[in-house]
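What follows is a single structure, written as C-alpha cells, with notes after it.
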Amino acid sequence: MNSKPILFSAVQPSGDLTLGNYIGSMRHWSKFQNIYDCIYCIADLHALTTLNKNFSLKKSVLDTLALYLACGVDPNKSIIFIQSHVYQHTQLNWVLSCFSQFGELSRMTQFKNKKKIRNNCIENINVGLFNYPILMSSDILLYETNLVPVGQDQKQHLELTRNIAHRFNFLYGDIFTLPEPLIDISGSKVMSLLEPKKKMSKSDMNKNNVIFLLEDISSIFFKIKNAITDSQTPPKIYYDKKRKLGISNLLEILSAITNKEINILEKELNGVMYSEFKNIIFDNISQFLRRLQKSYLNYRKDESYLKKVAQDGAIKARLKSEKLLKRVYSIMDIDLFFK
Ligand code: TRP
C-alpha cells in the first residue's frame, strides 16, 4: 500500500544550470525524498523546442543527471529518468492535445514571452513551443502526481494541467489525479545580480547576471563583487523587496546557501559594510560550490554508472506510466483489439 504523496519534478537540460535553479528547486530535492515518493525527470524532449546547433543534448543530459545525483537525489529512494526513454509521455501528449484548447495555450505567459523574443512573428515559432505545456501535463499526469514543486513561472502550466485533467475526468471518470502546486515560501526566485528586477536565467545574454553551478570559482568572485546593491548611507543590510531589491536578493541567496533565516542574518550583519557582506557571500557560495562540483565530477566521469541509473529509472518509470496510459486508452476504446 502506497501512503506517501507522489511528487514529480523536472528540469530541462538546455544549458548550464544556475544557482537560481538550485535554490529555487533542486536544493529541496534530497529532503523531499524522505517525505514523498519522488520522481525526478530530465525533460530532454522539452529541450527540443529551443535547440541550437552548438548544443549537444547528449552531453547536457548526462551533465544534468550527474548534477541531480550531486544534489543528493538518490536512485534507491527516487525514480530518476530521462523523458525520451519513456515513450508513454509522447503518447499521452497526443491524447491530451485533443483535450487542450488553442485559446488557452495561446494565453500561456511563457509562450507569449518566447513569441515576443521572436518579434511576435508566429512564422518564427515552432509548434513544439506552443505544445510545450501539454507535454508537461503528460509528464505530471502519467504518474498520478499529487505535488509539483513550482516557481512562479511554471504555476500557470500546472493550472493548465489541472484544467486538462478535469476536462478529461468530466467525460471519462476519475482517471487523472489533480496535482497541487508545492510552492516554496522563500528563495523560490533568485534574481539576476546586475538587474535584480528580473529572474536569474541561464539564457541571460549578460553572463555577469548569473552564477552557474559548474562555473569557475574565480569568476564568481567578480560577479558578486559587481552585484548591484544600493546607495543608502550609512549602508544597512535588511530585507525589503521594494526599496532594497539588490540587497534582498543577496540576502535570499545567502540564506538559502547557509540555511539560516533572513532575520537571523540581518542581526548578524548589523553594521557590516556592503563590501564585507559580499565577501561573506562569496566565501559561502564558493565553499558550497566547491563541494557540489567535486561530487558532480565524481559522478560525471563515470558514464557507465550514469547510464545504468538512467536505464533503471526508465524501467521503473515505464512500469508506472504504462499502467495509466492503458487505462486512458482503454476507457477511450483506443486499444480495442488488444484487450
Ligand atoms: N517546464 C519545466 C521548466 O522549464 C520543466 C518541466 C518539464 C517540468 N516537465 C515538467 C516541471 C513537469 C515540472 C513538472 O522548468
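Atoms within a ligand are numbered from 1 in the order they appear, just like the ligands themselves.
- Distance from atom 9 (N) of ligand 1 to its nearest protein heavy atom, with residue and atom name: D139 OD2, 2.7 Å.
- Using a 4.5 Å heavy-atom threshold, the side chains of N21 and M200 count as separate.
- Considering only non-hydrogen protein atoms, atom 1 (N) of ligand 1 sits nearest to Y132 OH, 2.7 Å.
- Taking CD of Q91 as the reference point, atom CG of L96 lies at 12.0 Å (rounded to 0.5 Å).
- Between Y143 and F81, the ring planes lie tilted relative to each other; the angle falls in the 30° to 60° range.
- When heavy-atom distances to ligand 1 are checked against a 4.0 Å cut-off, D153 has no atom that comes that close, whether in backbone or side chain.
- Close contacts between ligand 1 and F8 involve ligand atoms 12 (C), 14 (C) [criterion: under 4.0 Å to a heavy atom].
- Rounded to the nearest 0.5 Å, atoms CD (Q293) and OG (S286) are 10.0 Å apart.
- Classification of the F8-H89 ring pair by plane angle, with boundaries at 30° and 60°, yields tilted.
- Taking the ring centre of Y238 as origin, the terminal cationic atom of K244 falls inside the region bounded by 6.0 Å and 45° from the ring axis.
- Among all protein heavy atoms, the one lying closest to atom 10 (C) of ligand 1 is M136 CG, 3.5 Å.
- Ligand-side atoms of ligand 1 in range of V148: 13 (C), 14 (C), range being under 4.0 angstrom from any heavy atom.
- Remark: ligand 1 and S9 share no N or O pair separated by less than 3.5 Å (distance only, no angle test).
- The nearest heavy-atom contact from the protein to atom 15 (O) of ligand 1 is Q154 NE2, 3.7 Å.
- With a 6.0 Å cutoff to the six-membered ring centre and a 45° limit on the axis angle, K115 does not count as a cation-pi contact of F130.
- When each atom of ligand 1 is checked for a heavy atom of A43 under 4.0 Å away, the hits are 7 (C).
- With ligand atoms numbered from 1 in the order given, ligand 1 contributes 4 (O) to contacts under 4.0 Å with heavy atoms of Q12.
- Atoms of ligand 1 found under 4.0 Å from any heavy atom of H46, numbered from 1 in the order shown, are 7 (C), 9 (N).
- The CD atom of E144 lies 5.5 Å from the CG atom of L324; values are rounded to the nearest 0.5 Å.
- Within the set A10, S25, S137, the minimum heavy-atom distance to atom 11 (C) of ligand 1 is found for A10.
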